[in-house]
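Only this structure's heavy atoms are used, side chains among them; waters, hydrogens and symmetry mates stay out. Proteins come first, then strands; the chains are lettered A, B, ... in the order of their sequence lines, and each starts at number 1.
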Amino acid sequence: MRASFVLSEIGIGLRRNLTMTVAVVVTVAISLALFGAGLLIREQVSTMKDYWYDKVEVSVYLCGEGSNSTNCNGTPVTDEQRTLLQNDLQATPLVEKVYYESKQDAYARFKEQFKDSPDLVQNVTPDALPESFRVKLKDPTQFEVVASAFRDRPGVDEVQDQKALLENFFKLLNTLQLFALIIAAVQIFAATLLISNTIRVAAFSRRRETGIMRLVGASNLYIQLPFLLEGVLAGLVGAAFASGAIVALKAILIDRLLKPNFPITAYVGWDAVFAVLPLLFLTGMALSGLASFFTLRRHLRV
Amino acid sequence: MIRLENVSKTYPASARPALDDVSVEIDKGEFVFLVGSSGSGKSTFLRLVLKEETPTGGRVHVAGKDLARLSHWKVPALRRSIGCVFQDFRLLPNKTVFQNVAFALEVIGKPSSHIHKVVPEVLELVGLEGKNNRMPDELSGGEQQRVAVARAFVNRPMILIADEPTGNLDPNTSVGIMKLLDRINRTGTTVVMATHDAAIVDSMRRRVVELSQGRVVRDQVRGVYGFGA
């Protein structure tokens with residue numbers, strides 16, 4: 001196999017079909033960038049889950065003066081009930097740690113949380129806030145087991161899972177990821193058709209050459225390889241652009257904009273980005289290679 | 001070298017067979033004219049030998065190989081042992097004379113050093129020395145056909161197939177091409193030439209196989225174009 005011959009054939013082919021090649025590169029780049037973004041969003045969700053599930057707690061609110069749940073019956077929790085609850089929580093195997101938050105602690109936290117709205121803080125007294133146990137679970141997904149065991153115990157007003165609040169946010173991110181992947185799939189479909197068309201046009205515009213090649217006994221590989229490599233090369237260039245877009249997304253959107261302004265959570269790191277990039281190149285190569293291969297089989301018979 | 005045994009070929013779109021029970025044997029080193037009117041089956045005959053078509057019945061043997069049992073990936077090797085020349089030359093317009101001939105070797109993976117050795121030799125053989133760097137559109141029809149012959153012969157095939165090689169040329173130029181094919185034949189290459197040109201067939205006095213409506217109607221060792229002509 002003469003590499004120089006194959007290379008010059010590829011060069012001729014790409015130049016002859018420049019507009020089509022550009023269209024292929026752009027479509028492949030967009031589809032792969034969206035694909036990569038979708039993968040990164042999934043990575044982000046799992047990063048955030050790791051980060052937050054480590055911190056979320058189950059709050060067991062105790063009955064106070066103003067509690068109007070049927071469980072409380074309008075009577076505040078007694079010291080006896082409180083001690084019993086704490087001991088039982090600590091004895092539960094699923095529970096890792098239990099903190100007690102008194103009305104005073106709750107008030108201090110409330111003041112800190114709403115320090116920007118003094119009116120609100122003025123109207124609240126420590127007595128109005130419920131005391132609670134903050135329970136950290138060994139496995140945050142086992143919330144329901146703990147909740148059902150303590151929900152109806154005397155002195156318990158309400159059991160609340162902070163994880164439930166996060167779940168909504170994760171749902172949003174998952175929807176976003178789904179959309180990115182759907183658009184990526186549609187784009188990949190379009191890219192496949194474009195590649196297949198480009199190869200067809202290329203095969204047609206070089207039918208004189210390929211006709212002679214067949215006649216003088218060039219092997220299938222020799223005839224088809226330039227076309228195949230042309231498609232793969234366009235796919236790889238598209239993947240390179242997509243990788244650039246993904247790196248820019250991480251460097252600009254995440255590192256420059258989100259990280260300084262929303263430091264409350266963890267973000268996907270460069271390791272996740274670098275794990276996605278080879279996948280983009282592989283997908284780009286497989287996509288264009290397969291599209292070219294099947295087109296050639298139909299339009300470049302020997 | 002080429003043997004057809006009771007070969008029939010019917011194209012899917014037509015009811016009448018293009019070849020109907022044809023048996024012909026062509027020995028190594030022979031020069032054979034294939035004559036007959038348009039549609040008599042000459043081109044189908046040649047396409048079967050190249051395995052561009054497969055017969056609907058009978059067997060085709062080329063260079064000792066049964067083409068029906070030749071696997072798909074061995075077809076290129078078969079075609080390397082057969083050179084082809086056509087009425088319309090089929091040169092690449094954007095390549096020079098040298099590049100056109102070299103192309104046939106490049107695409108079968110011959111090394112550059114070999115190409116630079118044999119291409120000038122074959123160009124000299126066909127009488128085109130000194131025209132290496134001409135483009136096809138700068139050449140006369142006869143010269144273009146010589147380039148095509150050079151390309152067909154550069155790999156020293158055992159068989160040369162010519163499908164009306166003089167169809168686009170005037171009589172004087174045609175004689176030149178025939179002399180060239182004759183010279184190639186004398187090197188031991190089997191030549192099969194389909195033609196309409198009665199004058200050429202009559203002057204060469206070689207074997208003539210006449211086809212009519214897909215059947216062999218005449219096979220003469222030292223024949224002329226037609227009985228009435």
Side-chain angles (χ1 to χ4, degrees), chain A residues 1-21 198-233 289-290 292-302, chain B residues 46-47 49-54 62-63 70-86 88-95 99-115 136 147-163:
Chain A
M1 178 89 15
R2 292 172 37 137
S4 61
F5 171 77
V6 174
L7 287 180
S8 82
E9 285 289 302
I10 294 171
I12 291 168
L14 287 179
R15 246 177 294 134
R16 252 195 226 181
N17 270 321
L18 192 63
T19 50
M20 289 282 261
T21 311
T198 310
I199 296 291
R200 216 165 72 184
V201 169
F204 185 76
S205 72
R206 269 186 280 164
R207 67 194 182 286
R208 208 197 297 255
E209 278 88 343
T210 50
I212 291 169
M213 288 166 97
R214 277 162 16 102
L215 216 56
V216 301
S219 62
N220 255 352
L221 185 71
Y222 230 99
I223 297 175
Q224 299 188 346
L225 197 66
F227 295 98
L228 195 71
L229 290 181
E230 238 173 270
V232 171
L233 192 68
L290 286 177
S292 307
F293 179 73
F294 284 109
T295 313
L296 285 173
R297 272 185 30 153
R298 278 187 52 199
H299 295 279
L300 214 65
R301 278 274 161 84
V302 171
Chain B
L46 299 181
R47 291 171 65 80
V49 172
L50 283 168
K51 210 183 181 209
E52 288 208 60
E53 301 285 351
T54 47
V62 176
L70 194 67
S71 64
H72 185 70
W73 59 274
K74 278 184 176 162
V75 172
L78 168 77
R79 292 187 184 152
R80 281 174 206 198
S81 63
I82 306 173
C84 281
V85 180
F86 298 93
D88 56 356
F89 317 141
R90 302 202 187 170
L91 300 177
L92 298 174
N94 53 348
K95 289 190 191 290
Q99 288 168 340
N100 261 289
V101 178
F103 185 75
L105 295 173
E106 280 171 349
V107 300
I108 58 173
K110 295 283 185 196
S112 170
S113 56
H114 174 74
I115 290 172
V147 179
V149 172
R151 183 180 61 196
F153 191 60
V154 69
N155 200 29
R156 307 284 159 163
M158 293 186 284
I159 300 167
L160 187 79
I161 283 178
D163 194 356

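- Closest approach of B/Phe103 to A/Glu209, counting heavy atoms only: CE2-O, 3.9 Å.
- For the side-chain contact (heavy atoms from CB on, under 4.5 Å) with A/Arg208, the lone residue among B/Leu91, B/Leu92, B/Asn94 that qualifies is B/Leu92.
- Inter-residue side-chain proximity for A/Val216 and B/Asn155 is flagged as unmet; no heavy-atom pair is nearer than 4.5 Å.
- Minimum interatomic distance between A/Ile212 and B/Arg90 (heavy atoms only, all atoms of both residues): CD1-O, 3.1 Å.
- Pairs passing the salt bridge (Lys or Arg N to Asp or Glu O under 4.0 Å) check and including a residue from residues 149-160 of chain B, sequence neighbours excluded, do not occur.
- For the pair B/Glu52/A/Leu215, a side-chain contact is recorded, criterion being any heavy-atom separation below 4.5 Å from C-beta on.
- Taken to the nearest 0.5 Å, the CZ atom of B/Arg79 stands 13.0 Å off from the CE atom of A/Met213.
- In terms of heavy-atom proximity, A/Ala218 sits nearest to B/Val107 at CB-O, 3.3 Å.
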